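In what follows, a structure is listed as structure tokens, so that the remarks can point back to it.
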Amino acid sequence: YWLGFTKWRRALNGFNDGADPAEIAADLNRAIADFERAVEADPRFHDARIGAASCLGNLIFLNQSNPDKVRDLVTRSSATPSNILAAASG
């Protein structure tokens with residue numbers, strides 16, 4: 001989780017600092033992978049799910065000129081609330 005968190009924060013700082021969007025996207029994708037590993041280790045660790053969803057939202061912003069990519073990212077991020085509810089009840 002913490003590896004993902006640091007990449008997520010670096011990406012957010014990159015937005016503020018005017019970093020290369022490709023570098024920001026790479027950090028966000030690596031953060032998502034780290035958050036997903038944290039969820040695999042503990043399916044009830046909702047902070048990791050929320051971190052991944054935030055990263056997906058930022059990737060949507062970065063890819064707003066690519067409708068196919070945005071569609072894929074929205075589909076992935078929209079599963080997050082139902083995954084959290086399912087994990088909380090199970």
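Note that the coordinates shown come from a computational prediction; the quantities given were computed from them, not determined experimentally.
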Please tell me if the side chains of Leu3 and Phe5 come closer than 4.5 Å, counting only heavy atoms from C-beta onward. no

Measure the spacing between CG of Asn63 and CZ of Arg71 and express it to the nearest 0.5 Å. 12.5 Å

Considering all heavy atoms of both residues, which atom of Leu28 and which atom of Ala11 are nearest to each other, and what is their separation? CD2-CB, 3.5 Å

When every non-hydrogen atom of Val39 is compared with those of Ala48, the smallest separation belongs to CG2-CB, 3.7 Å

Please examine the side chains of Asp72 and Val70, heavy atoms only from C-beta on, and report whether any two atoms are closer than 4.5 Å. no

What one should report as the nearest heavy-atom pair of Ala31 and Gly4 is CB-O, 3.3 Å

What closest approach, in Å, do Ile32 and Ala52 show between heavy atoms, and which atom pair accounts for it? CG1-O, 4.0 Å

Working to the nearest 0.5 angstrom, can you tell me the gap between Glu36 CD and Cys55 SG? 10.0 Å

For residues 9-25, which residue pairs pass the salt bridge (charged side-chain N to carboxylate O under 4.0 Å, His left out) check, not counting sequence neighbours? Arg10-Asp27

Distance, nearest 0.5 Å, that separates CG of Asn29 from CD1 of Ile24: 12.0 Å

Side chains of Leu12 and Asn16: closer than 4.5 Å at any heavy-atom pair? no

If Ile, Leu, Val, Met, Phe, Trp and Tyr residues are connected whenever their side-chain heavy atoms lie under 4.5 Å apart, and connections chain through other members, are Leu56 and Phe15 in the same group? yes

Within this structure, what is the CG-CG distance for the pair Asn66 and Asp68, rounded to the nearest 0.5 Å? 6.0 Å

Do Lys7 and Asp34 come within less than 4.5 Å of each other through their side chains, counting heavy atoms only? yes

Could you check whether the rings of Phe35 and Tyr1 sit parallel, tilted or perpendicular, using 30° and 60° as the cut-offs? tilted

On a heavy-atom basis, the closest approach of Trp8 and Ser54 is NE1-OG, 3.1 Å

salt_bridge(Arg49, Glu40) N-O dist < 4.0 Å: no

